Structures are given as structure tokens and as C-alpha cells.
Amino acid sequence: MRKVFWVWIVLFFYFEGHAQADSDRKIFYPSSVAWAKVEANEIFDNKVGVGLDYVHRTKNILGQGTMFDTHARSSIRPWVHYQFGTNARASVSPIGYFITNDHVATEADLNRPEYHEWRTTFQYFHHHKQLNGRLMHTWRYRYELRWQEQPRFDNYRFFTRFRFRYRIRYVLNQEDFYENNALYGMISNEIGLNIGRNVVMNTFNQNRLYVGLGYRFFNSARVELRYVDRLRTRGATGFEMDLEKGFMVGLYIDQISNLGRRKIEGVRFAD
């Protein structure tokens, strides 16, 4: 396990550094963002589960104003899970709906219409705990099938994306992440790569860095406040980049049936 851990650490920093390479040749468009996410899940005794998440994002316009000025994205996704054990699960979102107006960094962007997207997502994650459960590493892999509307051409383009995220959490006041009233710190980084024949030149899609704090309450609910730093390509060449910084608030219900229970076996779900 230690060898696997260090291999992933090396790959993590390699891809993160590769994503930042050639920055002297790139054009960056900074903006401030506000993200919010609500997620709820239930894993049944047969290890099969269901879930739903909703995301809403806003940002400023042309790099000016507040992070709440204009709608950037809203999405909703149902999930079906299979829990292999306490530290690993595979999931699929059969179809998710997205509406996006995210590129508002230049004058030309003001004429861009919102566009719709349908997305099928396959996901697998696994944990590794250290320090008697206070330190938890999580590796998450996502493969997305994306049908993205092109309003000007009145059609959809299909492409896929692979996403890899490494996250580390440290519990500050309890012995384990799953204990009630646990306060924890976290940091994560995620790389996204576009794949498919409709990806003309640039494979790198984005890099997301999160740093934040979380708190568990009612046994299986959590609230998180994160700082967001996202670098994302614009267009096919990859030389124009959106540089977004801001905050994210998340509400997560790891196991609906365990909300408020005094005696529970432990939360069986946490990404």
C-alpha cells in the first residue's frame, strides 16, 4: 500500500506541474467564483445505494464585480452505487443535466448563449487511513461521456473526459472522520483530460485545487467551506486560460437513514 501511495503522489505532482507548464506563453483571464453543492446518499444492506447531487455556481463578469453577479452553471445528477467495503465504492450516474454560461471573461463572451449538456459518469474511489483513522487519503477516478450543446450550430458534440482527484483529510478534534462533531481540514487536487475525436488539439481541460474545513453533525451530515482555485483551458489551442478563484460551500448527507441516530454502526458512505 505504501508503494502505491507514493506512486500516486509522484503522478499527482507530475500532472499538476505539467498543467502549469508553458505559463509564459498563455493568456490568463482571472475571475472570482462562488460555488455551492448539495449531495445526499443512502447505501442499503445489500451494498447497493442511490444518491443525488445538485450544483449551483456564479461568478463575476469580465473579471469585475462580485462572485455572485451572474449564473455560471447549474446541474443535477442521480447516482447508483455499489459499496465494496468500508473504503471503496463504484458509482454510475446514468444521465445528468447541466446548463452552463461559464465563459464570461472577454467582451466576445457576452454574446455567448447558455448551453445545455447531458452527461453519463462512471466513478470509482477508495480510501486509505493512517494515524488510527485521523488521516485519510482518497483517490477518485471519473470517466465522463458528454453530449454538449452547440447553440450556434443547433446540434451537440460528443466527447469524453477523464478526471483524477487526490484528497487528504485530517481530523482535528476526534479520532476518526466518521465520528459525530468531527472537525477536519482538507486539501485536494484534480486533473481533467478531454478525450475523443472532437478534441481537436488540446487534451488538458482543467486543474482544480481545493483547501478547506469541514464539520460533521447529526452523525451523517457534513458541511464544508473550501477555497477554490481552478485553471481551465478556453478553446482548442489551450493557450487561453480561465483562472478562477473563490469559495465553495457544500452540504453532504453521507447516509440519510443515519441522520440524528444516537447509535449507529458508522457512516458507510463518504467521498
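Values in this document were obtained by computation on a predicted structure and should not be read as measured data. Scope of the values below: all heavy atoms of this structure, side chains included, with no hydrogens, waters or symmetry mates.
The CZ atom of Arg234 sits 6.0 Å away from the CD atom of Glu240 when rounded to the nearest 0.5 Å. In this structure, Ile191 CD1 and Leu209 CG are separated by 10.0 Å, a value rounded to the nearest 0.5 Å. Interatomic distance, CG of Leu259 versus CD of Glu42, reported as 9.0 Å (0.5 Å rounding). Ile256 contributes atom CD1, which lies 10.5 Å from atom CG of Asn258 (distance to the nearest 0.5 angstrom).
Every residue was checked against the salt bridge (Lys or Arg N to Asp or Glu O under 4.0 Å) condition with Lys47, not counting sequence neighbours, and none meets it. Shown here are the ring pair (Phe, Tyr, Trp, His ring centres under 6.0 Å) partners of Phe84, two or more places apart in sequence or in another chain: Tyr82. Judged as a side-chain hydrogen bond (donor to acceptor under 3.5 Å, both in side chains), and not counting sequence neighbours, the contacts of Tyr143 are Thr160. Here Arg140 pairs with Glu190, Asp271 under the side-chain hydrogen bond (donor to acceptor under 3.5 Å, both in side chains) rule; sequence neighbours left out. The side-chain contact (heavy atoms from CB on, under 4.5 Å) search around Met186 returns Arg167, Arg169, Ser188, Tyr210, Glu224, Arg226, not counting sequence neighbours. When the side-chain contact (heavy atoms from CB on, under 4.5 Å) test is applied to Asp176, the partners found at least two apart in sequence or on another chain are Lys129, Tyr178, Glu179. Not counting sequence neighbours, Glu149 has no partner by the salt bridge (Lys or Arg N to Asp or Glu O under 4.0 Å) test. Partners of Tyr184 according to the ring pair (Phe, Tyr, Trp, His ring centres under 6.0 Å) rule, which considers only residues two or more places apart in sequence or in another chain, are Phe177.
Connectivity analysis of hydrophobic side chains (ILVMFWY, heavy atoms under 4.5 Å, direct or indirect) links Leu62 to Ile61, Leu110. Through direct or relayed side-chain contacts under 4.5 Å between Ile, Leu, Val, Met, Phe, Trp and Tyr, Leu225 connects to Val249. By the 4.5 Å side-chain criterion applied to Ile, Leu, Val, Met, Phe, Trp and Tyr, Phe247 is assigned to a cluster that also includes Met67, Phe68. Other residues sharing a hydrophobic cluster with Trp79 under the 4.5 Å side-chain heavy-atom criterion for ILVMFWY residues do not exist; the residue is a singleton.
Looking at Thr66 and Asn60, their side chains never bring a donor and an acceptor atom within 3.5 Å of each other. With 3.5 Å as the limit, one finds a donor-acceptor pair spanning the side chains of Arg161 and Asn205. His128 and Asn87 are not linked by any side-chain donor-acceptor pair at a separation below 3.5 angstrom, with hydrogens and angles left out of the test. For the residue pair His71 and Thr58, no side-chain donor N or O sits within less than 3.5 Å of a side-chain acceptor on the partner. Donor-acceptor pairing under 3.5 Å is recorded for the side chains of Arg89 and Gln83. Side-chain contact of Gln130 with His137: a donor-acceptor pair under 3.5 Å is present, judged by distance alone. When only modelled atom types and interatomic distance are considered, Glu114 and Thr100 share no side-chain donor-acceptor pair under 3.5 Å. Using a 3.5 Å distance cut-off with no hydrogens or angles, the side chains of Gln148 and Tyr156 do not pair a donor with an acceptor. In this model, no donor atom of one side chain and acceptor atom of the other lie less than 3.5 Å apart for Asn181 and Asn173.
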Start with the C-alpha gap between Ile168 and Leu135, add the side-chain angles, then the distance that decides, and say whether side-chain contact (heavy atoms from CB on, under 4.5 Å) holds.
CA-CA 7 Å; Ile168 186 169; Leu135 184 66; 3.6 Å; yes
Does the side-chain contact (heavy atoms from CB on, under 4.5 Å) test come out yes or no for Leu52 and Ile76, once each step is laid out?
CA-CA 7 Å; Leu52 186 73; Ile76 186 167; 3.9 Å; yes
Go through the steps for Gln206 and Thr233 under the test side chain to side chain donor-acceptor pair (under 3.5 Å), then give the verdict.
CA-CA 6 Å; Gln206 62 180 270; Thr233 57; over 6 Å; no
When you look at Asn189 and Asn207, which way does the side chain to side chain donor-acceptor pair (under 3.5 Å) test go after all the steps?
CA-CA 7 Å; Asn189 198 80; Asn207 186 85; 2.9 Å; yes
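A heavy-atom distance below 4.5 Å is found between the side chains of Asn180 and Arg216. Between Arg208 and Arg165, every side-chain heavy-atom pair lies at or beyond the 4.5 Å cut-off. Residues Val33 and Arg57 have side chains not in contact (no heavy-atom distance under 4.5 Å, counting atoms from C-beta outward). In this structure the side chain of Met248 reaches within 4.5 angstrom of the side chain of Lys37, judged on heavy atoms. Within the 4.5 Å cutoff, the side chain of Leu243 has heavy atoms near those of the Asp229 side chain. Residues Val211 and Val228 have side chains not in contact (no heavy-atom distance under 4.5 Å, counting atoms from C-beta outward). Proximity of Tyr252 to Asp53: side-chain heavy atoms (C-beta onward) are nowhere separated by under 4.5 Å.
Applying the ring-ring contact (aromatic ring centres under 6.0 Å, His included) test between Trp147 and each of Trp118, Phe159, Phe158 identifies Phe158 as the sole match. Tested against Glu144, the residues Ile195, Thr121, Thr120, Asn194 include a single side chain to side chain contact (heavy atoms under 4.5 Å, CB included) partner, Thr121. Under the ring-ring contact (aromatic ring centres under 6.0 Å, His included) rule, Trp139 has a single partner from Phe125, Tyr124, Phe164, Tyr166, which is Tyr166.
With Ser32 contributing its side chain and Gly246 its backbone, the two residues share no donor-acceptor pair below 3.5 Å. The closest donor-acceptor contact from the side chain of Arg134 to the backbone of Gln174 lies under 3.5 Å.
Remark: aromatic rings of His116 and Tyr97 are close, center separation under 6.0 Å.
Ionic pairing of Lys59 and Asp69 is not present here: no N-O contact between side-chain nitrogen and carboxylate oxygen is shorter than 4.0 angstrom.
Atom CG of Asn132 is surrounded by 12 or fewer heavy atoms from other residues, nucleotides or ligands within 6.0 Å.
The shortest non-hydrogen separation linking Met241 to Phe204 is CE-CE2, 3.8 Å. Shown here for Pro78 and Ser93, the closest heavy-atom pair between the two residues is O-OG, 2.8 Å. Taking every heavy atom of both residues into account, Arg77 and Gly96 meet most closely at CG-CA, 3.8 Å. Closest heavy-atom contact between Gln255 and Ser220: O-OG, 2.8 Å.
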